[in-house]
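Step one of this worksheet: look at the structure below.
None of these values were measured; they are calculated from a predicted model. Below, read A as the first sequence line, B as the second, and so on, with proteins coming before strands; counting in each chain starts at 1.
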Amino acid sequence: MTILLPPISLPCLSKPQHLFLPFKPESSKTIFTGFSSCKPLPNCSVQNPKLKVTQCCTSSGVFPSEDTFLFSDWPELVKISTEFRDFLLGQAIHAYLVKSGSLNDAFVGNNLISLYVKFNRLDLAQRVFDKMPVRNTITWTSLMKGYLADNDFQSAFCIAGDMFEFGEKFNEHTCTVILQACSTSGDKILGEQMHSFVIKSGFVHNVYVGTSLIAMYARSGPFGDVEKVFDCMACKDVRCLNFMILECGKAGNGKKAFKVFINLLNSGLEPNDYTFTNIISSCNGDLGVEEGKQLQGLAFKYGFLNETSVGNAIISLYGKNGMADEAKRMFSLMTERNVISWTALVSGYTRSGYGEKAVDAFMELHCLGVNFDSSLLTTILDCCSEYNKLQLGLQIHGLVIKLGYKSDVNIVTALIDLYSKSGKLQSARILFNGLSSKSTASFNAILAGFIEDRGNDEQDSMVLFNQLRIAGIKPDFVTFSRFLCLSSNQASLQKGRSFHAYAIKTGLEADFSVANAVITMYAKCGSIEDSHKMFMAMNGRDFISWNAMISAYALHGQGQKALLLFEEMKKKGVAPDELTILSILQACTYSGLWQDGLGLFNVMGPKYGIKPLLEHYACMVDLLGRAGHLSEAMDIINKSPFPNSTLLWRTLVNVCKLCGDLNFGKLASKRLLDLSPSEAGSYILVSNMYAGERILDEAAKVRTVMNDLKLSKEVGCSWIEIENKVHHFVASDKDHPKSREIYAGLDLLRDEMKWNYDRADIHLISELV
DNA sequence: CTAGGGTTAG
């Protein structure tokens with residue numbers, strides 16, 4: 001049954017200039033190859049027609065004789081050989097048909113072509129086609145479909161062109177096949193031409209044609225065109241509506257999907273398992289998990305909850321929303337599970353923060369002896385990457401090689417991501433370079449490695465970006481965010497600005513994550529004005545945008561502005577998170593606004609429902625310490641949930657050093673060295689504290705202890721970009737070719753700073769007086 | 001008569 005809606009005159013979506021103009025002249029030559037004689041008939045022993053033929057289909061090695069066919073019903077025979085998947089019988093029939101001249105009948109030939117297409121023997125189908133003296137629309141359409149099924153779009157289009165040139169009429173079937181070819185090959189231009197053709201010919205009201213049109217526009221976009229076609233369709237059935245629900249969901253338009261779904265139920269059409277699978281999986285945007293739960297109930301009511309695909313969609317729904325327990329419940333209730341169910345569960349655990357459970361589920365599946373497919377391996381590798389499980393990841397890599405998946409692009413990309421985020425940039429690079437066809441995702445993965453590497457790698461981001469362009473890869477929002485992050489890490493304003501410009505050009509600046517990365521980039525590269533400009537220019541913001549701008553102010557020591565922005569953020573109804581509070585505390589610290597900071601810290605739990613993390617405490621120690629309240633700073637550590645945190649005590653020692661307060665300094669140092677007796681950084685900090693107060697014997701003592709313990713610290717490194725080249729330096733570095741000039745310049749700066757400092761002192765004194 | 005649409009769930 002189909003819904004009958006009042007027909008609406010269909011607007012032409014985009015006006016094509018011609019119908020079927022550009023057909024290549026050589027096409028007929030390619031397709032109409034020379035005739036070659038058929039293979040000889042195999043020896044046969046069966047004498048009687050139909051019944052015997054059926055027998056010979058079932059018993060292998062026995063073939064019908066020529067007389068068998070004399071009395072036979074050709075379509076019936078072809079059907080039998082198709083049904084029994086008996087290719088040899090089909091060939092025998094073929095040979096006889098050629099001999100007896102029965103191919104003169106287009107009907108018989110069409111049956112034979114369809115048979116070969118079902119066996120995916122395009123060579124033979126083509127041979128039959130070539131030998132047929134009389135062809136009709138079905139002949140052409142069947143062959144075209146055959147090439148399409150074989151993913152040979154080029155040949156399918158050639159046939160369409162020849163068909164047109166030969167003056168053979170296109171019907172609804174033909175148009176459906178051509179549209180499908182346009183859809184799978186992504187040929188939007190031809191698809192639009194076909195669209196005008198089907199409007200002109202009136203086929204557009206055919207539900208097959210309509211569904212194919214939807215599929216074509218769904219593939220090439222924009223989604224608005226899909227909606228136009230759908231809204232104009234006069235005749236819709238369940239398959240068509242199911243497909244529309246699916247496409248609405250994919251386009252993130254859950255509300256529209258829901259509308260179609262409701263229409264389907266109200267129209268008297270019978271929903272099926274596809275209907276529920278599709279509508280549940282579309283709950284990932286404007287429809288959320290609450291609607292998903294209701295649909296789960298409805299699926300139960302309609303009796304589809306026991307369908308594996310519906311169950312899988314529900315597992316994935318809960319998994320995506322971080323509700324691993326609910327996902328597990330659905331999983332346990334299912335009577336039949338497949339590898340997708342397991343993958344959805346593993347992925348759900350990964351996204352819900354249960355790395356261990358994800359691994360456990362994977363191991364359980366491993367013990368069950370179920371065959372892994374490439375998606376499951378990709379999912380578990382994502383889990384390894386997310387939870388820093390390099391060891392397991394290495395084992396999976398071994399498994400990937402063993403199972404023959406080492407060329408699977410998705411898996412290799414997941415491996416690159418894993419190695420990138422685990423600091424194994426070299427391994428990531430080897431895999432990346434070995435990829436025969438690189439994708440946006442694989443570039444994004446290797447970029448994560450360069451970001452993790454913190455500028456120690458000599459890889460130039462511009463060179464990489466050019467590689468990407470040469471490879472014809474379209475950067476997406478992740479690509480730009482990461483390139484911008486890379487520019488931030490290298491504090492390279494020039495590169496950052498270039499990536500920003502390119503993001504504007506490609507329209508990706510409109511993406512929040514890109515714009516947010518731009519804000520951070522400008523802040524880290526020293527141009528807070530540009531950060532602010534980007535923030536103001538944004539067309540809508542998410543909470544990360546606010547965080548980025550607030551932390552930009554923090555970085556630049558503009559505490560007052562950070563606080564003002566925080567007020568505005570609250571007014572706009574955007575809820576702060578851990579990072580927001582942290583940034584403001586930092587901003588207060590650097591601007592001496594310790595009372596504001598302390599006030600916020602005291603209310604962050606009660607007022608905003610945010611539990612202070614270790615980082616917040618560290619920030620408070622710094623804030624109070626710098627304000628001279630060392631006693632309170634020490635108090636806060638002792639009363640915090642982290643009284644034995646090295647980070648907190650190190651922070652306290654550091655502020656004691658800044659304040660020159662040795663009383664607290666000694667206390668804090670003792671705690672610190674007790675807590676981390678083997679960290680070189682702690683000894684150096686304590687030693688520096690004494691040295692700063694000119695207590696050189698104590699400083700030396702601490703150094704001696706450290707040296708006796710044979711501890712050493714990784715050297716810190718800084719770098720600067722001049723004329724598009726980054727120069728690296730470590731402490732007392734004399735490697736740079738211009739190091740003499742650099743040190744001379746440094747001395748000049750030092751003198752100037754001292755002069756300014758002295759003057760500032762004079763001003764301060766005069767103010768006090 | 002013979003040829004046509006969704007390729008669901010990770």
For atom NE2 of A:H173 and atom C1' of B:dT2, their distance in whole Å: 10 Å
Phosphate OP1/OP2 of B:dT8: any A:K250 side-chain N/O under 4.0 Å: no
A:I178 CD1 - B:dG5 P separation (whole Å): 13 Å
Integer-rounded Å distance: B:dG5 P and A:M194 CE: 14 Å
Between P of B:dG4 and CE of A:M163, the distance in whole Å: 13 Å
Sugar-phosphate only, base, or nothing, as touched by A:N136 at under 4.0 Å among non-hydrogen atoms: nothing
Sugar-phosphate only, base, or nothing, as touched by A:T277 at under 4.0 Å among non-hydrogen atoms: base
Phosphate-side-chain proximity, A:K145 and B:dG5, N/O vs OP1/OP2 below 4.0 Å: yes
Sugar-phosphate only, base, or nothing, as touched by A:Y208 at under 4.0 Å among non-hydrogen atoms: base
Per A:T176 side chain, nearest of listed nucleotides B:dG4, B:dT8, B:dT2: B:dG4
Donor-acceptor pair present, A:N278 side chain and B:dG6 base, under 3.5 Å: no
Ring-face cation of A:K250 near A:F223 (centre distance under 6.0 Å, axis angle within 45°): no
Between P of B:dG10 and CD1 of A:I314, the distance in whole Å: 12 Å
Interatomic distance where CD belongs to A:E307 and P belongs to B:dT8 [whole Å]: 14 Å
A:K236 vs B:dG5: side-chain N/O to OP1/OP2 distance below 4.0 Å: no
Heavy-atom neighbours of A:N266 CG exceed 12 at 6.0 Å: yes
hbond_proxy A:D237 side chain to B:dG5 base (donor-acceptor, 3.5 Å cutoff): yes
Touch class at under 4.0 angstrom, heavy-atom based, for A:L246 against every strand present: sugar-phosphate
Lys/Arg N to Asp/Glu carboxylate O, A:K421 vs A:D417, below 4.0 Å: yes
Pair A:K389 + A:E356: basic N to acidic O under 4.0 Å: yes
Side-chain touch A:R337/A:I315, heavy atoms, less than 4.5 angstrom: no
Sugar-phosphate, base or nothing in reach of A:L345, heavy atoms under 4.0 Å: nothing
Ring center gap for A:F362 and A:W342 short of 6.0 angstrom: no
Out of B:dG4, B:dA9, B:dG10, whichever nucleotide has its closest atom nearest the side chain of A:A313: B:dA9
Proximity to the side chain of A:E247 - top-ranked nucleotide from B:dT8, B:dT2, B:dT7: B:dT7
Base B:dG5 paired with A:N206 side chain (donor-acceptor, <3.5 Å): no
Between B:dG6 (C1') and A:L269 (CG): distance, integer Å: 14 Å
Base B:dT2 paired with A:N111 side chain (donor-acceptor, <3.5 Å): no
Side-chain donor/acceptor contact of A:S212 with base of B:dG5 under 3.5 Å: no
Sugar-phosphate, base or nothing in reach of A:A215, heavy atoms under 4.0 Å: nothing
Touch class at under 4.0 angstrom, heavy-atom based, for A:S316 against every strand present: sugar-phosphate
Between P of B:dG10 and CG of A:N321, the distance in whole Å: 12 Å
Touch class at under 4.0 angstrom, heavy-atom based, for A:C175 against every strand present: nothing
